[in-house]
S.K.: 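If you scroll down you'll find the structure; I have some questions about it.
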Amino acid sequence: MKRKFKVSGMSCSACSAHVERAVEELEGVQEVNVNLLAASMTVEYAEDRLSPEDIIHAVEAAGYGAAEEGDGEESRKASSEPEGGDVPGAEQEREAVALKKRFLTSLLFLLPLFYLSMGHMLGMPIPSIFVTDNGEGNLLLSTVELILVVPIVIINRNYYKTGFKMLVKLSPNMDSLIAIGSLAGLLYGSFEAAGMILTLVTLGKYFEAKSKGKTSDAIRRLMELEPETALVLRNGKEREIPVAEVRSGDTVLIKPGQRVPVDGVILEGTSAMDESALTGESLPVDKETGDEVISASINGSGFLKIQATRVGDDTTLAQIIALVEEAGSSKAPIAKLADRVAGVFVPVVMAIALLACLVWLILGYPFGTALSICISVLVISCPCALGLATPVAIMVGTGRGAESGILIKSAQALETAHKLNTVVLDKTGTITEGKPHVTDLLIAEGAGLTRQEFLALAASIESPSEHPLAGALIELAAEEQLELRTVSSFQSFGGKGIEAELDKAHYRVGSSRWMEEQGITEAAFRLPEREGLFSFRQLADHFSGEGKTGLCFVREGKPLGFAAVSDKIKDTSAEAVQGFRDLGLDVVLLTGDSEKTARAVAKRVGIEKVIAQVLPQDKEAEIRRIQESGKKVGMVGDGINDAPALMRADVGVAIGAASDVTIESADIVLMRGDLTDAVQAIRLSKAVIRNIKQNLFWAFFYNSLGIPLAAGVFYPVFHWMLPPMFAAAAMSLSSVCVVTNALRLRNWK
């Protein structure tokens with residue numbers, strides 16, 4: 001069982017580490033992922049040994065709040081805010097508004113406090129009543145400073161409430177460091193330092209909340225694509241109802257220019273649909289009766305009547321949003337490093353701060369100097385940047401991918417994709433369109449038929465057949481508006497061909513091998529630019545070298561005609577193969593087709609390694625064999641027949657899945673049928689991981705440099721000292737820098 005919970009009270013990566021550890025200790029828990037940015041937790045557990053209430057109690061015992069997602073019980077709410085939490089970024093926006101108010105109010109008291117305490121150092125005139133004869137402040141000045149700092153403390157009291165509560169529970173976090181540092185300043189009488197720390201930290205939190213809200217822009221834009229109402233036909237009357245009330249089977253009317261509210265099938269009408277919001281495909285897609293339409297696509301100039309097939313949470317749009325949210329709240333393996341550090345970081349920092357204070361006292365420096373150094377170490381070391389380094393990049397990256405029609409189902413898949421060194425491609429539906437097309441029609445010498453006569457005859461004979469090659473002939477005949485006749489008898493021979501009677505004549509259609517078995521071996525066909533006559537077997541061999549399949553037609557035991565059918569290669573397949581190579585990946589074609597056909601297709605798109613004549617159930621073994629040679633393998637397939645291989649691969653990529661985005665076997669789902677999107681998915685992975693590494697580097701570098709600087713390590717040589725106020729500003733700036741760097745991914749193309 002997997003459930004998602006909202007968690008309140010987390011302020012840094014130390015908090016998320018404490019929550020994770022508290023839940024992991026429960027018997028029956030299999031996996032826990034706590035996301036600091038989304039304030040959420042996903043828990044996979046044994047349902048017969050644990051309940052959601054047990055998990056909530058464990059979180060509460062650790063000092064935080066928790067609630068099942070969607071739980072409305074007041075006592076279990078993870079947030080004190082009312083409705084609106086379902087809108088991505090709304091919680092951060094409300095938090096930003098509250099923090100802005102706290103900052104401005106704090107600033108109102110901080111400015112006169114700073115003027116009275118520090119103005120004389122800046123050459124500003126100080127009222128004489130606050131200055132003694134020797135130029136130092138008096139009791140009145142201290143009293144006024146205390147009066148000014150108390151409102152700042154009250155306004156920002158949450159740091160103390162949370163910080164000391166977690167300290168008592170032996171799980172100190174960022175708030176604990178702020179609370180101890182500012183309280184030490186208050187007790188020693190350094191009111192301006194305490195006020196400045198609280199105000200600057202709140203300012204940093206405000207910028208951080210504003211930036212974090214932008215990480216959910218992609219999900220928010222996706223949610224805005226759903227219309228609020230739908231026009232349905234019920235009891236013969238048109239009714240406009242909320243989209244939530246549309247039921248599967250309803251007839252929905254879509255006017256020109258409107259967004260489609262649900263997934264459905266066109267009952268009447270034709271139009272060109274703009275699906276760019278979901279698939280990233282800029283060109284409109286022509287739709288007619290019987291075609292599927294997906295939610296959030298925009299109707300062109302035609303009027304459509306559709307039958308709803310998927311509504312509510314089952315629509316393509318809803319499932320895309322769910323996948324993006326799940327990926328954004330999941331945790332990449334690279335984040336575990338930051339979690340391990342964060343779990344012990346705060347206690348270590350507190351020990352360093354105390355040690356620095358003692359060392360400076362032992363060296364004979366005044367207590368005020370030693371305390372100032374202790375406060376600076378506590379304040380500058382808050383591990384906010386460390387906790388934000390990974391989740392912000394994951395959330396922005398997966399959201400940006402969704403906007404481009406690339407759905408990445410987990411942070412782990414996103415990270416693993418950048419390590420791939422081999423990509424295995426299925427042929428049908430991946431490199432090719434997955435739909436046979438007639439490419440060549442040849443008529444036997446002396447048959448006495450024109451091309452159109454032969455095509456009409458061939459399509460008529462094949463009309464009772466359900467074979468894809470037969471469908472290609474029938475479709476071509478329909479395109480050329482040829483009239484088909486009805487056969488009087490029809491018999492199918494599995495794997496060989498068919499027999500039929502039409503206009504009292506007997507016909508056979510099938511493979512060249514079957515024709516040879518029937519003794520039909522005479523040479524009766526001519527090929528362009530080739531001399532002589534050719535038999536069915538020679539024609540089949542010739543077209544097989546071009547990646548085409550041959551259908552032989554015989555009338556009354558004599559060769560009549562030959563049709564070459566090919567699964568057309570997608571226009572962008574060769575470009576995609578070159579894209580994989582440019583990324584340093586080996587490309588392998590894995591198919592059930594014959595060796596000759598597979599190599600013909602591979603040659604046209606630039607693939608050198610071919611594994612052919614592999615049954616669907618054996619593809620998984622081939623992927624495993626490649627992995628055992630030490631390769632990290634990505635598999636790209638249609639997500640249905642290739643399911644075992646997709647699951648075996650290190651990263652499974654389902655292509656062209658616009659009508660079914662819930663393919664469980666794939667790690668990445670490409671909404672379009674364009675193989676170049678698989679290349680872009682790997683590029684996106686590399687960009688996100690590069691961004692995460694940058695964030696982690698600067699977070700670690702900042703603390704590695706900031707803590708020694710605050711502790712006064714550089715003072716004996718360079719006389720560098722970091723006052724608490726500057727430490728607070730630096731700490732706030734570090735978090736903002738990390739989030740801002742991650743937001744650069746929104747510009748990825």
Side-chain angles (χ1 to χ4, degrees), residues 289-290 428 432-528 533-544 546-568 592-594 596-597:
T289 302
T428 306
T432 65
E433 292 182 351
K435 186 178 181 181
H437 298 269
V438 178
T439 58
D440 302 88
L441 291 174
L442 302 177
I443 303 167
E445 291 286 301
L449 295 175
T450 65
R451 177 190 173 282
Q452 286 197 323
E453 288 172 341
F454 171 61
L455 176 58
L457 179 61
S460 298
I461 295 168
E462 289 280 17
S463 58
S465 175
E466 296 181 356
H467 196 280
L469 300 185
L473 285 165
I474 296 168
E475 183 177 343
L476 180 60
E479 288 177 4
E480 298 188 12
Q481 299 180 339
L482 301 179
E483 186 176 347
L484 303 187
R485 289 169 285 172
T486 303
V487 298
S488 55
S489 67
F490 180 88
Q491 186 175 5
S492 177
F493 299 87
K496 294 181 178 181
I498 63 167
E499 287 187 0
E501 284 195 11
L502 180 65
D503 296 338
K504 299 182 180 181
H506 180 267
Y507 295 90
R508 280 196 183 97
V509 183
S511 66
S512 61
R513 182 174 298 175
W514 191 42
M515 297 306 166
E516 285 186 342
E517 291 175 2
Q518 305 299 316
I520 305 170
T521 59
E522 62 187 278
F525 297 90
R526 294 189 182 278
L527 281 171
L533 294 175
F534 296 84
S535 66
F536 280 135
R537 168 54 68 92
Q538 290 171 322
L539 289 180
D541 289 344
H542 170 77
F543 285 107
S544 177
E546 298 178 358
K548 301 175 183 178
T549 301
L551 273 179
C552 307
F553 289 79
V554 173
R555 180 170 59 187
E556 300 293 353
K558 294 290 184 180
L560 174 67
F562 183 91
V565 181
S566 173
D567 187 357
K568 184 181 178 183
D593 280 353
S594 67
K596 183 177 285 188
T597 300

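In what follows, every heavy atom counts, from backbone to side chain, and hydrogens, waters and symmetry copies are set aside.
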S.K.: Show your reasoning for whether side-chain contact (heavy atoms from CB on, under 4.5 Å) applies to Phe543 and Leu527.
M.R.: CA-CA 11 Å; Phe543 285 107; Leu527 281 171; 4.0 Å; yes
S.K.: Is Ser566 close to Glu546 at the side-chain level, that is, under 4.5 Å between some pair of heavy atoms?
M.R.: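 No. Closest side-chain heavy atoms not under 4.5 Å.
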S.K.: Give, for atom CD1 of Ile520 and atom CE of Met515, the distance between the pair rounded to the nearest 0.5 Å.
M.R.: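 The CE atom of Met515 is 6.0 Å from CD1 of Ile520, to the nearest 0.5 Å.
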S.K.: More than 12 non-hydrogen atoms from neighbouring residues, nucleotides or ligands closer than 6.0 Å to CD on Glu479, yes or no?
M.R.: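 Enclosed.
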S.K.: Give the minimum heavy-atom separation between Thr439 and Lys548, together with the two atoms involved.
M.R.: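 Shortest heavy-atom contact: OG1-CD, 3.3 Å.
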S.K.: Minimum heavy-atom separation for Pro436 and Ala472, please, with both atom names.
M.R.: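 Scanning both residues completely, I find the closest heavy atoms to be O-CB, 3.5 Å.
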S.K.: Going from CD on Glu462 to CG on Leu457, what distance comes out if it is rounded to the nearest 0.5 angstrom?
M.R.: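 Atom-to-atom, Glu462:CD and Leu457:CG are 10.5 Å apart.
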S.K.: Can you see which heavy atom on Gly550 is nearest to which on Phe562, and at what distance?
M.R.: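 Here Gly550 and Phe562 meet closest at CA-CZ, 3.4 Å.
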S.K.: Do you know which two heavy atoms are closest between Ala500 and Phe490, and how far apart they sit?
M.R.: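 In this case the closest contact between Ala500 and Phe490 is CB-CD1, 4.2 Å.
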S.K.: Name the residue from Val438, Val565, Leu482 that meets the side chain to side chain contact (heavy atoms under 4.5 Å, CB included) definition with Leu476.
M.R.: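 The passing option is Val438.
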S.K.: So which atom in Lys596 and which in Ser544 form the shortest heavy-atom distance, rounded to 0.1 Å?
M.R.: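 For Lys596 and Ser544, the tightest heavy-atom pair comes out as CD-OG, 3.2 Å.
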S.K.: Using the rule given for side-chain contact (heavy atoms from CB on, under 4.5 Å), can you reason through Arg526 versus Leu533, listing the C-alpha separation, both sets of side-chain angles and the distance that settles it, and then say yes or no?
M.R.: CA-CA 5 Å; Arg526 294 189 182 278; Leu533 294 175; 3.6 Å; yes
S.K.: With rounding to the nearest 0.5 Å, note down the distance linking CD in Gln452 to CD in Glu480.
M.R.: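 Between atom CD of Gln452 and atom CD of Glu480 there are 5.5 Å.
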S.K.: Any side-chain to backbone donor/acceptor pair from Glu556 onto His506? Under 3.5 Å, distance only.
M.R.: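 Between the backbone of His506 and the side chain of Glu556 there is a qualifying donor-acceptor contact (under 3.5 Å).
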S.K.: For a quick test of reading the model, state the closest non-hydrogen atom pair linking Phe525 to Leu442 and the distance between them.
M.R.: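 Smallest interatomic distance, heavy atoms only, reads CE2-O, 3.9 Å.
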S.K.: In Å, rounded to the nearest 0.5 Å, how long is the span from CD1 of Ile498 to CD of Gln491?
M.R.: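 Answer rounded to 0.5 Å: 10.5 Å.
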S.K.: A side-chain contact here means heavy atoms from C-beta on lying under 4.5 Å apart; do Glu516 and Phe536 qualify?
M.R.: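 Not touching, per the 4.5 Å side-chain cut-off.
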S.K.: How far does CD1 of Ile461 sit from CD1 of Ile474, to the nearest 0.5 angstrom?
M.R.: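 One finds 11.0 Å between CD1 of Ile461 and CD1 of Ile474.
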S.K.: In terms of relative ring orientation, are Phe454 and Phe553 parallel, tilted or perpendicular, with 30° and 60° separating the classes?
M.R.: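 It falls in the perpendicular class, over 60°.
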S.K.: At what distance, to the nearest 0.5 angstrom, does CG of Leu441 lie from OG1 of Thr450?
M.R.: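 One finds 11.0 Å between CG of Leu441 and OG1 of Thr450.
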S.K.: Is atom CZ of Arg513 surrounded by more than 12 heavy atoms (other residues, nucleotides or ligands) closer than 6.0 Å?
M.R.: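 Open: at most 12 neighbouring heavy atoms sit under 6.0 Å from CZ of Arg513.
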